[in-house]
Amino acid sequence: MINNIKNRIKKELEQKLNDKFDQNVIVIVEEPKKAEQGDISIPVFSVVKVLRKPLPLVVETVKEFLGTISDAHLIAKVDSVSGFINITLDKEKYAALVINNYNLNSENYGSNKMGLNKTVCIDYSSPNIAKPFSIGHLRSTIIGHSIGNIMEKCGYKVVRINHLGDFGTQFGKTIYAYLNWGDEAKVKEHPVAELVKLYVEFNDRAKIDKSIEEEARKIFTELEKGNPKFVELWEFIREESLKEYMKVYKLLGVQFDSYNGEAFYNDKMLAVVDELKEKSLLKKDQGAMIVDLGEQIPPALIQKSDGSTLYITRDLAALFYRKNTYNFSEALYVVGNEQKLHFNQLQQVVGLMGYDYSSDIHHINFGLVLQDGKKMSTRKGKIVKLEDVLKEASKLSLKYINEKNPGLKNKEVTAEKIGISAVIFNDLKNYRTNDFEFNLEEMVNFVGQTGPYLQYTSVRIKSILDSIKESQSEIDYNLFTKDHIFEIIKNISQYEDIIIKSKEEYSPSVVAKYLLNLASLFNSFYAKEKVIVDDLVERHTKLCLLRMVKDILDDGMGLLGMSAIQKM
RNA sequence: GACUCGAUAGCUCAGCUGGAUAGAGCAAAAGCUUCCGGAGCUUUAGGUCGGGGGUUCAAGUCCUCUUCGAGUCGCCA
């Protein structure tokens, strides 16, 4: 909301200045760093430069114009300090505006309609079956899920796609290992764990004996051709893996609209190759078929010299399928930084094919999960299993509950919600492209900028709201003239702006940081102010404020994919 | 070697289109509970924004060179 006001001030001032001086000036409108400096500020240096008038004259002119803009009634005070014009809002009027706005839209406060009648496809999680579901997949899952929620809040229809890695040479490896040294009984009992062991062991053995790689490739080729024995095994592996993943998704509260994986596109790739041929984009090079993308980036390898297709071919087939099926306005791929080149190539190839929606393809890249500064690997044996992480986080939160609130009912259930939300929040609070040092200790440290801090704040507010039967009363807007209370109102009014920014950057961290700040403001307020006071008007006003803060905290945590907690 | 991304307090990170005295949390030190939940709050201390040069009235932010780290660079995904 404050952004709307800023934009209006900017537009109207520019209009008025341009009319008066017949120049093309750009007015910068921002928020000062310190609250004492006001709520909105305008550095006029750029205006001075264009108009070539003395600074005091420009300041006076702008101040004069500010008195005639459409939001003039909201302005309480205008100061000027060394080239900055500082606007202080009328706290009572602004608070009334914010509260009315909230009451009009309390069901879905902070939402907007930028995505109305638009569909977005988000490809996330997408684990490779028969390989471990690692902590790396967790990032894609959590980030993708949250971006989906945020875009729904912006009015988009969101299609959540789990592009399972259910095809590829790793199946040849797993099947080879299973047939040669697998224990059928063990595999039947714990399919995924055993299959992963077999896969890891295969890679260990392949270091010593290169020839088994060749055998694995042969098996995969047979699988592609439809060898019934291998197909049966493949189906078993896929089914069991998916069952296992569903458990994790349930814990995380994540759902998908489609589980069409790589295998689904297997019969759709020839058409892609044909189309590329038709458009004369394919070129034979060193026995393989490539699309040349110029000097800047390496060519896209479409078809291997043995005729089989590659990752990018599959992604092209998937993209066309999605465009035809969902007619997306944006296609997002929540995949790690290391695949930046791949998606760059994908986008370029689509562009060369003449599709204008190539610019709607966005790689939502994210940083690596590091351990001791190095990328985690599934091959070196030290696999960090997602399930174990979530379990440990839950265990630790149970320990905290036993210390802080031993009498709590359903401790285990709450501990799980807190622990998992802590892991989610820890991931999302950082800007997504940054690398991420994996440190369980810090993830579940329940002090400071953490998920539990947000949950705790919400639970605290709930406890106050539940403790009192409220009688209807007037709102005392005069209360909002106190700085620390107005600060909260101002933050409440920024929720919509925050969601828009978060969508534009495709980064849930924007919401996460905002919630931390809001919670912190509330906790400071709570330490200073008594809520349940005898004065009914004051009490009602404060309870209104609390309700808004709690709603936003809960809604924001929901956007991040965190669980709601009633008591903790 | 080429390209991409990153480097801000001891640690983990914010810092929007360049704007005022660079901000949080953790860790450290000191406090706060007759009263609505102390997983909280308040205060102190902590900085050559990797380094050099440049553009600008103004640079953590833009340009350039450089150091370090990570990632990628045709038959894996």
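In what follows, every chain begins at residue 1, and chains take the letters A, B, ... in the order their sequences are listed.
Across every non-hydrogen atom of A:N128 and A:G165, the tightest pair is OD1-CA, 3.5 Å.
Using a 4.0 Å heavy-atom cutoff across all strands shown, A:E295 reaches no nucleic acid atom at all. A:I26 comes within 4.0 angstrom of nothing in the nucleic acid, heavy atoms only. Backbone-only contact: A:V447 has heavy atoms under 4.0 Å from sugar-phosphate atoms and none from a base. Here A:I532 lies in heavy-atom contact (under 4.0 Å) with a base.
For the pair A:N434 and B:A14, the criterion of a side-chain N or O lying under 4.0 Å from OP1 or OP2 is met.
For A:K340, the listed nucleotide lying nearest its side chain is B:U4; candidates were B:G38, B:U4, B:U42. Proximity note for A:S305 (side chain, C-beta onward) versus B:G40, B:C75, B:U21: the nearest is B:C75. For A:K34, counting side-chain heavy atoms from C-beta on, the closest listed nucleotide (B:G23, B:A20, B:C13) is B:G23. Candidate nucleotides B:G37, B:C13, B:C41 were compared by shortest atom distance to the side chain of A:K513, and B:C13 ranks first. When distances run from any side-chain atom of A:L341 to the nucleotides B:U72, B:A14, B:G40, the shortest one goes to B:U72. Closest to the side chain of A:I418, out of B:A24, B:C36, B:A39, is B:A39. Residue A:K49 places its side chain closer to B:U56 than to any other of B:C26, B:C13, B:U56. Ranking B:A77, B:A39, B:G74 by closeness to the A:D285 side chain, first place goes to B:G74. Each of B:A14, B:G19, B:C41 was ranked by its minimum atom distance to the side chain of A:Y431; first place goes to B:A14.
The aromatic ring of A:F45 sits over the base of B:G19, with ring centres less than 5.5 Å apart and planes inclined by under 30°. In this structure, the aromatic ring of A:Y526 is not positioned over the six-membered ring of the base of B:G40 within 5.5 Å between centres and 30° between planes.
Among residues at least two apart or in separate chains, ring-ring contact (aromatic ring centres under 6.0 Å, His included) pairs with a member in residues 24-58 of chain A are A:F45-A:F84.
Atom CD1 of A:I26 has 12 or fewer heavy atoms from other residues, nucleotides or ligands within 6.0 Å.
With the nearest nucleotide of RNA chain B identified for both A:Q449 and A:V533, A:Q449 has the one nearer the 5' end.
Below 30°, between 30° and 60°, or above 60°: for A:F167 and A:W234 the angle between ring planes is above 60°, a perpendicular geometry.
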